[in-house]
Amino acid sequence: MTGEAGAPVRDLLERADVGGYDVTYCENPNSVEARIAVQSFFRQASAGDFNLILISGHGIRDSQGHLHFATADTRSDVLAATSLDAAFVIKQMDLSPASKQLAIIDTCYSGAFVHGMVAKAATQKISRTDFDNGEIDNIRGRAVITASTHIQTANENEVNGTTQSIFTRHLIEGIESGAADSDKDGEIALPELFDYISAKLRAEGSVQTPRSYDYGLGGRVIVALNPAYSPAALPAALIKKLASKSKAQKLMAVEQLQDIAASAAPEAGLAVEALQKMLRDDFVIVRD
């Protein structure tokens with residue numbers, strides 16, 4: 001359903017340093033192949049699984065406004081019979097035993113995917129509160145991310161000789177570079193990824209507006225690991241000063257720690273911890 005442009009997404013998600021997803025990839029399937037792939041994917045899931053489906057390609061609305069995804073054999077005169085109906089995808093999601101589901105729909109008119117879904121908060125934008133409130137092992141729900149509203153087209157451009165949507169391009173870049181990991185904790189949570197893509201599209205002046213929907217998923221959902229992540233650490237010279245028995249070195253260390261703790265640097269938390277430890281130290285000058 002993604003053509004050649006989907007291969008980079010597949011390759012990225014399969015990487016161990018990104019998450020090591022077990023990916024089912026369909027390149028330009030016909031309508032029957034697409035339906036079989038979608039049904040098999042969701043039926044083979046187990047309770048406790050996190051299923052992510054990404055559909056990137058061409059979206060077509062019928063005369064009633066229902067969304068269909070174009071396949072290799074799609075004909076406009078018999079659209080329902082020769083396409084992947086969004087309603088079919090939703091039904092397979094409903095029947096799946098997976099406890100957590102994420103659908104990313106990157107097509108024209110993708111916002112129409114959510115029409116007809118029964119939602120706890122169908123028009124509510126996903127917020128960090130929704131996704132950061134604890135473990136979700138026993139919660140069944142889903143989230144949907146759409147590249148545009150139900151009346152907008154999705155823009156494309158050329159990437160390495162293939163046509164790729166700008167939404168998918170920013171999704172790949174945000175994960176691969178680690179830039180979508182806004183809190184720099186080594187994990188890219190769903191709201192972080194959505195906010196990153198949305199900000200990039202706005203910065204480019206794109207007219208398409210991504211949307212996010214929470215259907216009772218809740219919890220902190222990690223979409224990918226940050227492959228560029230390296231744990232924060234205090235400078236080696238500062239650590240050496242902390243270990244010194246010299247009063248002057250200790251004082252210099254305290255000043256440096258205070259500067260780091262007051263900054264927005266990734267090491268700020270470590271500096272606070274070091275200062276708190278020094279307050280418990282027997283070195284009198286530190287406590288004065």
Side-chain angles (χ1 to χ4, degrees), residues 12-13 15-21 50 52 100 102 125-137 139 143 145 169-204 210 212 214 217-288:
L12 179 64
L13 293 179
R15 284 172 47 177
D17 60 345
V18 169
Y21 280 88
F50 171 46
L52 186 163
K100 299 179 287 289
L102 169 61
K125 181 180 181 298
I126 296 173
S127 67
R128 192 168 296 276
T129 300
D130 293 324
F131 286 89
D132 290 351
N133 62 1
E135 297 298 324
I136 58 173
D137 291 341
I139 296 176
I145 303 295
R169 173 166 59 84
H170 289 310
L171 182 149
I172 292 172
E173 291 175 354
I175 295 175
E176 191 167 36
S177 68
D181 180 14
S182 59
D183 61 7
K184 306 304 179 186
D185 66 348
E187 298 176 329
I188 300 175
L190 184 52
E192 289 180 304
L193 183 59
F194 176 79
D195 289 346
Y196 173 85
I197 297 171
S198 298
K200 285 294 185 178
L201 290 173
R202 287 194 301 270
E204 291 183 354
S212 56
D214 176 24
L217 185 57
R220 176 175 169 80
V221 177
I222 305 303
V223 179
L225 302 178
N226 176 359
Y229 174 72
S230 58
L234 294 173
L238 176 54
I239 295 175
K240 185 176 180 179
K241 290 175 184 176
L242 287 171
S244 173
K245 296 184 181 299
S246 165
K247 182 185 298 185
Q249 291 290 304
K250 288 279 191 181
L251 282 172
M252 291 175 62
V254 169
E255 292 177 357
Q256 285 185 250
L257 288 171
Q258 289 174 332
D259 289 341
I260 295 174
S263 72
E267 302 83 11
L270 295 176
V272 171
E273 291 177 7
L275 285 168
Q276 291 172 339
K277 182 179 183 301
M278 293 183 77
L279 286 174
R280 298 190 298 268
D281 200 294
D282 289 334
F283 202 78
V284 177
I285 191 67
V286 174
R287 297 201 305 267
D288 287 348

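Computation of the quantities below employed the complete heavy-atom set of this structure, encompassing side-chain atoms and omitting hydrogens, waters and symmetry-equivalent molecules.
By the 4.5 Å heavy-atom criterion applied to side chains, Ser182 and Tyr196 are not counted as neighbours. The shortest distance between side-chain heavy atoms of His170 and Glu204 falls below 4.5 Å. Residues Lys240 and Ser244 have side chains not in contact (no heavy-atom distance under 4.5 Å, counting atoms from C-beta outward). By the 4.5 Å heavy-atom criterion applied to side chains, Val221 and Leu102 are not counted as neighbours.
Of all heavy-atom pairs spanning Tyr21 and Leu52, the tightest one is OH-CD1, 4.0 Å. Shown here for Leu225 and Asp17, the closest heavy-atom pair between the two residues is CB-O, 3.5 Å. Of all non-hydrogen atoms in Leu234 and Leu257, the two that sit nearest each other are CD1-CD2, 4.1 Å. In terms of heavy-atom proximity, Ile175 sits nearest to Pro227 at O-CD, 3.1 Å. Heavy atoms only, all atoms of each residue included: Ile260 and Pro235 are closest at CD1-CD, 4.4 Å. Across every non-hydrogen atom of Asp181 and Gly186, the tightest pair is OD2-N, 2.9 Å.
With rounding to the nearest 0.5 Å, the separation of CG in Leu193 from CD1 in Ile188 is 6.5 Å. For the atom pair CD (Gln256) and CG (Leu251), the distance works out to 11.5 Å, reported to the nearest 0.5 Å. Between the CD1 atom of Ile145 and the CG atom of Asp214 there is a distance of 9.5 Å, given to the nearest 0.5 Å. Here the OG atom belonging to Ser212 is positioned 8.0 Å from the CG atom belonging to Asp195, to the nearest 0.5 angstrom. Taking CD from Glu267 and NZ from Lys184, the interatomic distance works out to 12.5 Å, rounded to the nearest 0.5 Å. Distance check, rounded to the nearest 0.5 Å: CD1 of Ile172 to OG of Ser177 gives 11.5 Å.
Atom NZ of Lys241 has more than 12 neighbouring heavy atoms from other residues, nucleotides or ligands inside a 6.0 Å radius.
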Might you work through the side-chain contact (heavy atoms from CB on, under 4.5 Å) test for Lys250 and Met278, ending with a clear yes or no? CA-CA 9 Å; Lys250 288 279 191 181; Met278 293 183 77; 4.1 Å; yes
Please report the C-alpha distance between Phe50 and Ile222 in whole Å, then the side-chain angles of each, then the deciding distance to 0.1 Å, and finally whether the side-chain contact (heavy atoms from CB on, under 4.5 Å) criterion is met. CA-CA 10 Å; Phe50 171 46; Ile222 305 303; over 6 Å; no
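Checking side-chain atoms of Glu176 against main-chain N and O of Leu12 turns up no donor-acceptor pair under 3.5 Å. The closest donor-acceptor contact from the side chain of Asp259 to the backbone of Ser263 lies at 3.5 Å or more, if one exists at all.
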